[in-house]
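Take a look at the structure set out below.
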Amino acid sequence: MPELPEVETIAANLRQGGDLPALPGHTIQRAELLWERTLAVPSPAEFSERIAGQTIRDIRRRGKFLLFDLDRHTLMIHLRMSGDLWVEPESAPVAPHHRLLLHLDGDLRLAFNDARKFGRAWLVEEPGIVLDSLGPEPLEEGFTAEILYQRLHAVKRQLKPLLLDQSFLAGLGNIYADEALHQARLHPLALSNELTPEQSARLWESIRLVLQEGIRRNGASIDWVYRGGNYQHFFKVYQRTGFPCYNCGTSIERLVVGQRGTHICPHCQPLK
DNA sequence: CACGAGACCTGTTCGC
DNA sequence: TGCGAACAGGTCTCGT
């Protein structure tokens, strides 16, 4: 489900509240782990013991990770493919696919719902243990076009798998990688170190544009997993196989790159 | 180093 | 209608 814009939207909703109360200021009274493997570290017993009594101070995002700043630890959650976070009253029935419950004060519950069980939670004192391997934040000021050009030329990789590599750049997933490459008129199999400065600058601009647009639309809602955003109505290539390119009318094609479904306009995004 | 295949999981959609 | 295959927003590990 969630790439940078979806995680950003979820973090903002939890932090600021919306239909339900904002979480900062609420105290975790008890944790309830319903699927063991959802917890990466520490052990279930240590997790329960350490997290109880801590107050949620702030909620942030880094890459696709949600970060809950607690009094003494950071709770980190990665939603992977099908994860979502629900704030609900304690009286609500435990929905199918709830994997981890945090019982809060004020009759509230934070539930980690994750049909496919790929999602993970970490409770750590030092977030760097998990986050240090991430590449730059694409929307931060420090991520300049020059830095992208340098990083592209530091390796020789196919563009699409490289954009999905979180140590290269943090936050892009399959949707936004396809959309950014199309916007930049670059083929997903093009080699990173062969991009001209102009092509690299276009990619930099396109990455930021599609992510900002995704955030502006509160993310993309597809299938049964994530609800709330409407960026799916603005895709130019993703899941548009067989439909005409908005630029040139050519039929959008689906190929597989790095085992991921990949969508391109063969006319706008030639390989050579 | 770079890439592909397989694994981890469940649910939905597609094709016969 | 039924049933298996293919596919899904992610990432890790292994073999070449």
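Residue numbers begin at 1 in each chain, while the letters A, B, ... track the order of the sequences.
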Return a single string for nucleotides 3-8 of chain B, one symbol per nucleotide in 5' to 3' order, where B is base contact, S is sugar-phosphate-only contact and - is none, cutoff 4.0 angstrom on heavy atoms.
SSBB-B

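A/Ile252 and A/Ile175 fall into different hydrophobic clusters, where Ile, Leu, Val, Met, Phe, Trp and Tyr side chains are chained together by heavy-atom contacts under 4.5 Å.
Nucleic acid contact class of A/Tyr176 (heavy atoms, under 4.0 Å, all strands): none.
Rounded to an integer number of Å, the gap from A/Ile77 CD1 to C/dG10 C1' is 16 Å. In this structure, A/Asp114 atom CG and C/dT11 atom P are separated by 13 Å, rounded to whole Å. Rounded to a whole Å, the CD atom of A/Glu3 is 12 Å from the C1' atom of C/dA8. Note: CG (A/Leu164) to P (B/dA2) measures 16 Å, nearest angstrom. The CG atom of A/Leu134 sits 14 Å away from the C1' atom of C/dC12 (whole-angstrom rounding). At whole-Å resolution of the value, OH in A/Tyr238 and P in C/dG10 are 8 Å apart. One can place CG of A/Leu66 at 14 Å from P of C/dG10, the figure rounded to the nearest angstrom. The distance between atom CZ of A/Arg254 and atom P of B/dT13, rounded to the nearest whole Å, is 16 Å.
Atom CZ of A/Arg99 is separated from atom CD1 of A/Ile77 by 14.0 Å, given to the nearest 0.5 angstrom.
Judged as a ring pair (Phe, Tyr, Trp, His ring centres under 6.0 Å), and not counting sequence neighbours, the contacts of A/His98 are A/Trp86. Residues satisfying the salt bridge (Lys or Arg N to Asp or Glu O under 4.0 Å) test with A/Arg60, not counting sequence neighbours, are A/Asp69. For the ring pair (Phe, Tyr, Trp, His ring centres under 6.0 Å) test, no residue two or more places apart in sequence or in another chain qualifies with A/Phe112.
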Pairing annotation in dot-bracket form, given for DNA chain C with Watson-Crick or G-U pairs under 3.5 Å and | for cross-strand partners
.|||||||.|||||||

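Using a 4.0 Å cut-off, no side-chain N or O of A/His78 falls inside it from OP1 or OP2 of C/dG10. Note on A/Gln166: a side-chain N or O is less than 4.0 Å away from OP1 or OP2 of C/dT11. Note on A/His97: every side-chain N or O is 4.0 Å or more away from OP1 and OP2 of B/dC9.
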Output side-chain donor-acceptor pairs under 3.5 Å for residues 20-29 of chain A, partner residues at least two apart or in another chain, one line each.
{"from": "A/His26", "atom 1": "ND1", "to": "A/Asp105", "atom 2": "O", "distance (Å)": "3.3"}
{"from": "A/His26", "atom 1": "ND1", "to": "A/Asp105", "atom 2": "OD1", "distance (Å)": "2.8"}
{"from": "A/Thr27", "atom 1": "OG1", "to": "A/Thr55", "atom 2": "OG1", "distance (Å)": "2.7"}

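Taking the six-membered ring for Trp and the full ring otherwise, the centers of A/Tyr149 and A/Trp204 sit at least 6.0 Å from each other.
Using a 4.0 Å cut-off between charged side-chain N and carboxylate O, A/Glu3 and A/Lys64 make no salt bridge.
Separating the P atom of C/dG4 from that of B/dC9 is a span of 22 Å, rounded to the nearest Å. C/dA5 and B/dA7 have their P atoms separated by 15 Å, with the value rounded to a whole Å.
Under the 30°/60° scheme for interplanar angles, the aromatic rings of A/Tyr231 and A/Phe234 are found to lie parallel.
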